[in-house]
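As structure tokens, the structure follows; a few thoughts come after it.
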Amino acid sequence: GNSVTQMEGPVTLSEEAFLTINCTYTATGYPSLFWYVQYPGEGLQLLLKATKADDKGSNKGFEATYRKETTSFHLEKGSVQVSDSAVYFCALSDRGNTDKLIFGTGTRLQVFP
Amino acid sequence: DVKVTQSSRYLVKRTGEKVFLECVQDMDHENMFWYRQDPGLGLRLIYFSYDVKMKEKGDIPEGYSVSREKKERFSLILESASTNQTSMYLCASSRDSRMNTEAFFGQGTRLTVV
């Protein structure tokens, strides 16, 4: 079945460091791919998405490119801030009869001044 | 502003109680979902619904049921709460899959079963 694998955390960085959080997926067909972010005490919110191969999603300085050949959707940011500290979830939508979202286990990012 | 509202942020219930978690969305979305979130396990789908009175089991439906009598409301029911159902529960909604849009989440209900 469809699945998402993302790197375990926590990821600990200093402010202005470069961030990469790895995400790979297994899916039949052509899923849409998402990154969601969960700030402390809140629900999940969409960070960015890509709906087809080679698409690049971007938002708030974060980017991820849909790589069909490597089945990956790695999240990157050139310079992280303390306010980016959160849990990041990679997800796919199987776009069958319903938009069932399948999530990875989440990666906690901690950014220190 | 779009909104998914869960009726409680925190709940404490006793083993064996029947528990209702309520979720309401104001976006006229067709799809609604219930997930539970546990450390190290990410989000796991319990049930989802793609239309009124329609429901489908997710990955971990055992011990749960759902109800969707109106389009905007999706209820999760724990028939007889057990301590292993202590968790964070997240409700989400989205448009029909052909619209290929994002899911919107509520703030979560942290349920403790004692």
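Note that the coordinates shown come from a computational prediction; the quantities given were computed from them, not determined experimentally. Side chains are part of it too, since the values below use all heavy atoms of this structure and drop only hydrogens, waters and symmetry mates. All chains are named by letter (A, B, ...) in the order of the sequence lines, taking the proteins before the strands, and each is independently numbered beginning at 1.
Ring geometry for A:Y88 versus A:F62: interplanar angle of 30 to 60°, hence tilted.
Proximity to chain A (any heavy atom under 4.5 Å) is restricted, for B:L41, to the backbone atoms N, CA, C and O.
If you look at A:F89 and A:F34, their ring centroids are not closer than 6.0 Å. A distance of 6.0 Å or more separates the ring centres of B:Y47 and B:F33.
The choice from A:I102, A:T105, A:V4, A:V87 that makes the most heavy-atom pairs within less than 4.5 Å of chain B is A:T105. Most heavy-atom pairs under 4.5 Å with chain B: of the set A:Q6, A:Q38, A:E8, this distinction falls to A:Q38. Comparing B:R9, B:Q37, B:R110, B:Q6 by heavy-atom pairs within less than 4.5 Å of chain A, the highest count is held by B:Q37.
Taking B:K55 as the reference, nothing meets the salt bridge (Lys or Arg N to Asp or Glu O under 4.0 Å) condition, with sequence neighbours excluded.
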